[in-house]
S.K.: 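This is the structure, below, for whatever I ask next.
Any value given below was found using the heavy atoms of this structure, including those in side chains, with hydrogens, waters and symmetry copies removed. No experiment lies behind these values; they were computed from the predicted model shown.
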There are 2 protein chains.
Amino acid sequence: MNNKEKLRNAGLRPTKQRMIIANILLNGVNRHFTAENLQNEINSSGNSMSIATIYNCLKKFRNCGLIKQVESSKETAIFDTNINQHHHFLDEETGELIDIENEEINLFKLPEIPKGYMNSGVEVLIKLKRQI
Amino acid sequence: MNNKEKLRNAGLRPTKQRMIIANILLNGVNRHFTAENLQNEINSSGNSMSIATIYNCLKKFRNCGLIKQVESSKETAIFDTNINQHHHFLDEETGELIDIENEEINLFKLPEIPKGYMNSGVEVLIKLKRQI
DNA sequence: TTTTTACTTTAAAATCGTTCTAAACTACTT
DNA sequence: AAGTAGTTTAGAACGATTTTAAAGTAAAAA
Ligand SMILES: [Mn+2]
Ligand SMILES: [Mn+2]
Ligand SMILES: [Zn+2]
Ligand SMILES: [Zn+2]
């Protein structure tokens, strides 16, 4: 499925701006990025886009499940093109995230889900320190 | 150990402001909170404190390990008085966090830690949706 | 104890990431 | 082609956090 179809499937009009972003993000190579990272990539690809549009697109893409937003205590929002359930290493010093595929972790025992709720995803974060 | 000693042990001067915050946070009852939550508690305890001081204190407390900061994609920083390794349920709709004690989860298989790094903490987040 | 020093608090300003506004533009429908 | 609903944009606004710099306080030195 090409990017135009992906956008249409998600219920999004394939505008020029959304296609530029889709072509950068949805090329099969997964990455973690901020809105500013993406704007820099857009600029170096010879295009340009308002930061408001970038935020609008990222929010739409996220809400449609085309990308995810990472849980992070950094002040800047971090997005992720890997939409499969997966886990992360976090280098606490640099903030760098590294994907851990779902099969690499096995959760043996899980707590009971609170009454009235259902499990909607489990994420494991392994924090890393430089070895001494 | 009383709060004054805890601050001294952490290498922090037990100032009036830090003692007010320590008395609210380090009373044995764990909680998740924002800087603004804390300022409201300070105000309702009959005290008052500059928001800059509250942020200064929280950062010092965090860096000394007296409190933790939660990994969260909310725009406002969330702190946690539970400094033991533990996990969380997250109600994605409300943002509410519920502690899961460490023993309630068993990680059977863990991936290999990247070369040059050491594991400095594992956190599991279980996202919750309202049951349909 | 007094003096000195380093650290802390504060209000206010600044900064930063993100969202809003409202006008111009564009994609889709009829 | 005309209508309409959705989108983009620059710039303003916003909310969270940090910085500034001056005044205050705690600990150390004398
Ligand atoms: Mn955050
Ligand atoms: Mn922010
Ligand atoms: Zn990832
Ligand atoms: Zn907690």
Side-chain angles (χ1 to χ4, degrees), chain A residues 2-24 32-43 45 47-64 66-80 95, chain B residues 2-24 32-43 45 47-64 66-80 95:
Chain A
N2 64 31
N3 288 335
K4 189 177 268 192
E5 288 173 332
K6 280 184 196 161
L7 292 177
R8 284 202 196 287
N9 270 0
L12 298 177
R13 289 187 180 179
T15 64
K16 178 166 168 277
Q17 288 77 2
R18 286 175 185 162
M19 285 302 296
I20 290 170
I21 291 183
N23 289 335
I24 291 175
H32 305 111
F33 64 97
T34 66
E36 197 192 357
N37 294 158
L38 179 56
Q39 191 172 43
N40 291 336
E41 283 200 64
I42 291 168
N43 290 338
S45 79
N47 294 291
S48 82
M49 203 176 296
S50 160
I51 192 68
T53 302
I54 292 174
Y55 277 106
N56 287 343
C57 277
L58 290 177
K59 198 182 280 194
K60 291 271 190 189
F61 280 30
R62 167 173 40 83
N63 292 343
C64 294
L66 292 171
I67 62 174
K68 297 209 285 189
Q69 183 171 354
V70 176
E71 301 289 328
S72 159
S73 60
K74 312 213 70 163
E75 66 287 351
T76 307
I78 301 174
F79 297 90
D80 193 340
Chain B
N2 64 30
N3 288 335
K4 188 175 268 193
E5 287 172 333
K6 281 183 195 161
L7 292 177
R8 283 203 197 287
N9 269 1
L12 298 177
R13 288 186 181 179
T15 64
K16 179 166 166 276
Q17 289 78 359
R18 286 174 184 162
M19 285 301 295
I20 290 170
I21 291 182
N23 289 336
I24 291 175
H32 305 113
F33 64 97
T34 65
E36 196 193 355
N37 293 158
L38 179 57
Q39 190 173 42
N40 291 336
E41 283 202 64
I42 291 167
N43 290 338
S45 78
N47 294 291
S48 83
M49 203 176 298
S50 159
I51 192 68
T53 302
I54 292 173
Y55 277 105
N56 287 343
C57 276
L58 290 177
K59 196 181 281 193
K60 290 272 190 189
F61 279 30
R62 170 182 27 93
N63 292 343
C64 293
L66 291 170
I67 62 175
K68 296 210 286 191
Q69 184 172 354
V70 177
E71 300 290 329
S72 158
S73 60
K74 313 215 72 164
E75 66 287 352
T76 308
I78 300 174
F79 297 90
D80 193 340

S.K.: Hey, does the side chain of A:K59 come within less than 4.0 Å of C:dT19's phosphate (OP1/OP2), counting only N and O?
M.R.: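 Checking A:K59 against C:dT19: at least one side-chain N or O falls below 4.0 Å of OP1 or OP2.
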
S.K.: Measure CD1/A:I20 against C1'/D:dT7 and give the value in whole Å, please.
M.R.: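 Interatomic distance, CD1 of A:I20 to C1' of D:dT7: 13 Å.
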
S.K.: Under 4.0 Å between a side-chain N or O of A:T76 and OP1 or OP2 of C:dC16?
M.R.: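 For C:dC16, neither OP1 nor OP2 has a side-chain N or O of A:T76 closer than 4.0 Å.
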
S.K.: Between A:E75 (CD) and C:dT15 (C1'), how many Å, whole number?
M.R.: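 These atoms are roughly 12 Å apart.
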
S.K.: Nearest-Å distance, CG (B:N63) to P (C:dT8)?
M.R.: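 Whole-Å distance recorded here is 12 Å.
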
S.K.: Which part of the nucleic acid, if any, lies within contact of B:T53, taking any heavy atom under 4.0 Å across all strands shown: a base, the sugar-phosphate backbone alone, or nothing?
M.R.: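 Touches a base.
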
S.K.: Which part of the nucleic acid, if any, lies within contact of A:K74, taking any heavy atom under 4.0 Å across all strands shown: a base, the sugar-phosphate backbone alone, or nothing?
M.R.: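 No contact at all - A:K74 keeps every heavy atom at 4.0 Å or more from the nucleic acid.
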
S.K.: Within a radius of less than 6.0 Å around CD of A:Q69, do more than 12 heavy atoms belonging to other residues, nucleotides or ligands occur?
M.R.: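 More than 12 within 6.0 Å, yes.
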
S.K.: Determine whether B:R18 and B:R13 make a side-chain contact, defined as any pair of heavy atoms from C-beta on separated by less than 4.5 Å.
M.R.: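 Touching, per the 4.5 Å side-chain cut-off.
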
S.K.: Should A:L38 and A:I21 count as side-chain neighbours, where that means a heavy-atom distance under 4.5 Å?
M.R.: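 Side-chain contact under 4.5 Å: yes.
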
S.K.: Quick check on DNA chain C: between A:A77 and B:N56, whose nearest nucleotide comes earlier from the 5' end?
M.R.: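 Result: B:N56.
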
S.K.: Is any side-chain heavy atom of B:V70 closer than 4.5 Å to a side-chain heavy atom of A:S73?
M.R.: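 Of all side-chain heavy-atom pairs linking A:S73 with B:V70, none is under 4.5 Å.
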
S.K.: Do the side-chain N or O atoms of A:Q17 get closer than 4.0 angstrom to the phosphate oxygens (OP1, OP2) of D:dT9?
M.R.: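 Yes, because at least one side-chain N or O of A:Q17 sits under 4.0 Å from OP1 or OP2 of D:dT9.
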
S.K.: When you get a sec, tell me which of D:dT8, C:dT8, C:dA11 is the closest nucleotide to the side chain of B:S50?
M.R.: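 My answer, after comparing the listed nucleotides, is C:dA11.
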
S.K.: Would you call A:N37 and A:F79 a side-chain contact if the rule is heavy atoms closer than 4.5 Å?
M.R.: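 In short, these two side chains do not touch, never coming nearer than 4.5 Å.
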
S.K.: Reckon A:K60 has a side-chain N or O less than 4.0 Å from the OP1 or OP2 of D:dT7?
M.R.: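 Indeed, a polar side-chain atom of A:K60 lies that close.
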
S.K.: Quick one: B:N37 CG to D:dA16 P, roughly how many Å, whole number?
M.R.: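 Roughly 11 Å, once rounded to whole Å.
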
S.K.: Name every residue in residues 6-13 of chain A that has at least one heavy atom under 4.0 Å from any atom of DNA chain C, in order of residue number, or write none if there are no such residues.
M.R.: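 Heavy-atom contacts with DNA chain C come from A:R8, A:R13.
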
S.K.: Between atom CE in A:M49 and atom P in C:dT26, what is the gap in whole Å?
M.R.: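 After rounding, the gap between these two atoms is 14 Å.
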
S.K.: Which nucleotide wins on minimum distance to the side chain of A:A52, given the candidates D:dT7, D:dT9, C:dA11?
M.R.: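 Comparing D:dT7, D:dT9, C:dA11 against the side chain of A:A52, the answer is D:dT9.
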
S.K.: Between atom CD in B:Q39 and atom P in D:dA16, what is the gap in whole Å?
M.R.: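 Rounded to whole Å, this separation is 11 Å.
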
S.K.: Under 6.0 Å from the NZ atom of B:K60, do we count more than 12 heavy atoms belonging to anything else shown?
M.R.: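 12 or below, so no.
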
S.K.: Just the rounded figure in Å: distance from C1' of D:dT25 to NZ of B:K4.
M.R.: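 So the two atoms are 13 Å apart, to the nearest Å.
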
S.K.: Answer yes if the side chains of A:Q17 and A:T53 hold a donor-acceptor pair under 3.5 Å, and no otherwise.
M.R.: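 Short answer, no.
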
S.K.: Whether B:T15 contacts C:dC7 is assessed here as follows: a side-chain N or O lying under 4.0 Å from the phosphate OP1 or OP2. Is that the case?
M.R.: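 Negative; the distance criterion is not met.
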
